[in-house]
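To find a chain, count down the sequence lines: A is the first, B the second, and so on, and within it residues start at 1.
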Amino acid sequence: MVKVEFLGPIAREAMEVDVKSLAELSKRLFEEESIRPWLEKCAVAVNDVMVKDPNHALKDGDRVSILPPVCGG
Amino acid sequence: MVKVEFLGPIAREAMEVDVKSLAELSKRLFEEESIRPWLEKCAVAVNDVMVKDPNHALKDGDRVSILPPVCGG
Amino acid sequence: MELYNGPLDVKEIFGRWLDEEAKSNYGAYIPFVGTIRAEDGIEALSFDIYEPVLRNWFDAWQARAAERGARVKMAHSIGDVPVHTSSYIAAVFSPRRRVALELIEEFVEDFKANAPIWKYDVIDGKRIYAEDRSTPMEGAGLLASARDEK
Amino acid sequence: MELYNGPLDVKEIFGRWLDEEAKSNYGAYIPFVGTIRAEDGIEALSFDIYEPVLRNWFDAWQARAAERGARVKMAHSIGDVPVHTSSYIAAVFSPRRRVALELIEEFVEDFKANAPIWKYDVIDGKRIYAEDRSTPMEGAGLLASARDEK
């Protein structure tokens with residue numbers, strides 16, 4: 001299982017999903033109406049490392065963070 | 001008479017000269033061996049205002065400052 | 001990297017950083033202090049931070065600064081920060097002024113674009129996500145493009 | 001604009017400037033602190049300043065900053081400043097970060113090129129003009145070209 005956390009303003013509890021890739025995770029998240037509008041604008045970290053490759057594989061125990069648009073300072 | 005002051009590292013007392021223009025002042029200063037090597041590198045202020053025009057006229061009582069290369073900070 | 005609940009003690013942080021590097025032989029120290037402006041009727045801004053990714057971002061910056069003989073420091077607030085108090089200090093120490101001036105600009109701009117921090121206006125005690133001033137991070141949209149992969 | 005004999009009290013100046021603008025609603029405060037590096041066997045640097053022209057230069061900068069909604073401040077030392085102490089602080093206050101980042105760079109670079117300040121290395125108690133690090137001011141060579149006028 002992979003744990004998915006939604007950061008900052010995305011009002012959504014963390015969830016556990018059974019997926020093997022970002023592609024699978026993406027399909028799963030696009031099914032949820034409360035999450036779908038965020039996805040185009042969000043970046044992704046796996047185990048706290050930012051990911052740029054859409055083919056990135058996921059393995060059991062991975063922690064995926066969904067990061068919406070930022071504004072520090 | 002015009003008063004001429006030499007600033008910073010130029011080891012020279014102020015002098016009073018009877019000149020009507022920067023051109024005349026320049027000829028007068030180039031005569032002095034201790035000043036000559038500085039002149040190419042120096043900027044000029046008249047009555048504490050920086051001057052850019054080589055035709056700038058001088059009048060009685062003007063104060064001319066000779067400013068060698070700078071390095072603040 | 002320092003995180004605080006609420007407004008920063010700007011003088012304490014500035015002075016402590018100065019003291020920390022007093023013998024490091026840096027010629028230039030440039031802090032950037034960010035203060036909450038009174039505008040649009042807000043009483044405060046509020047911040048969420050995702051610390052693990054922020055720490056990785058900061059450590060990568062420290063390595064980047066070290067390649068140029070410099071050091072970076074930063075402090076940021078978590079939670080509510082009232083108007084006219086400060087939420088952010090970034091600083092560069094460098095032997096020479098040119099590198100310091102270039103780095104402080106790059107560091108602050110990259111921070112704005114890529115530090116995992118979310119900002120909220122606080123109006124009548126309510127937190128409202130500052131969506132219009134927020135920027136998608138580098139690599140945003142990955143999930144949308146991943147959906148098109150096999 | 002503030003001139004001091006000997007090293008600057010950096011914390012006092014930084015904190016006082018912060019307090020002076022605490023209610024001005026600026027969002028960005030960027031000071032640049034210049035500190036004397038130990039190098040080439042110097043024990044101190046020493047400075048001469050021609051204050052009337054420096055004041056005109058600073059006032060022109062204040063007007064230029066005001067056109068962009070910003071404010072500048074500066075402090076500099078006169079006379080000897082030992083290594084690891086500070087001789088120079090320049091600062092910009094601005095509503096927004098972009099203008100502050102641009103102005104601090106322009107302000108510090110123009111200061112280096114055009115502020116009427118002369119620097120000396122102090123070695124074995126002797127003052128030696130730092131000729132190789134000094135720059136002719138804008139308009140330098142005027143007397144050489146004036147000689148060619150009628």
Enumerate by number any residue of residues 67-97 of chain D whose heavy atoms lie under 4.5 Å from heavy atoms of chain B; in the absence of such residues, state 'none'. D/H76, D/S87, D/Y88

Can you say whether D/A130 sits under 4.5 Å from chain B via the side chain, the backbone, both, or neither, judging by heavy atoms? neither

Under 4.5 Å, counting heavy-atom pairs only, tell me which of B/A45, B/A43, B/S65 racks up the most with chain D. B/A43

Might you confirm whether atom CD of D/E20 has over 12 heavy atoms from other residues, nucleotides or ligands at distances under 6.0 Å? yes

Pick one of side chain, backbone, both or neither for D/Y120, based on which atoms fall under 4.5 Å of a heavy atom in chain B. side chain

Take D/D121 and D/R133 through the side chain to side chain contact (heavy atoms under 4.5 Å, CB included) test and state the conclusion after the steps. CA-CA 11 Å; D/D121 291 332; D/R133 282 117 73 202; 2.8 Å; yes

Starting at CG of D/L54, measure out to CD1 of D/I117 and round the result to the nearest 0.5 Å. 5.0 Å

Quick check: D/F107 with D/W61 (ring centres under 6.0 Å apart)? yes

Largest heavy-atom contact set with chain B, pairs under 4.5 Å, which of D/D48, D/V53, D/T135, D/N56: D/T135

Straight-line distance of B/K20 NZ to B/L25 CG, nearest 0.5 Å: 12.0 Å

Tell me, for B/E5 versus chain D, whether the close heavy atoms (under 4.5 Å) come from the side chain, the backbone, both or neither. side chain

Could you grab the distance from atom CG of B/L29 to atom CD1 of B/I66, nearest 0.5 Å is fine? 5.5 Å

Quick check: do B/N47 and B/R63 have side-chain heavy atoms less than 4.5 Å from each other? yes

Please say whether more than 12 non-hydrogen atoms of neighbouring residues, nucleotides or ligands are located less than 6.0 Å from CD in B/E16. yes

Taking side chain as everything from C-beta outward and backbone as N, CA, C, O, which of these in D/E138 sits under 4.5 Å from a heavy atom of chain B? Side chain, backbone, both or neither. both

Among D/A113, D/G34, D/G139, D/P116, which has the most heavy-atom pairs under 4.5 Å with chain B? D/G139

Step through it carefully: locate the ring centre of D/F111, locate the ring centre of D/W57, and say whether they are under 6.0 Å apart. yes

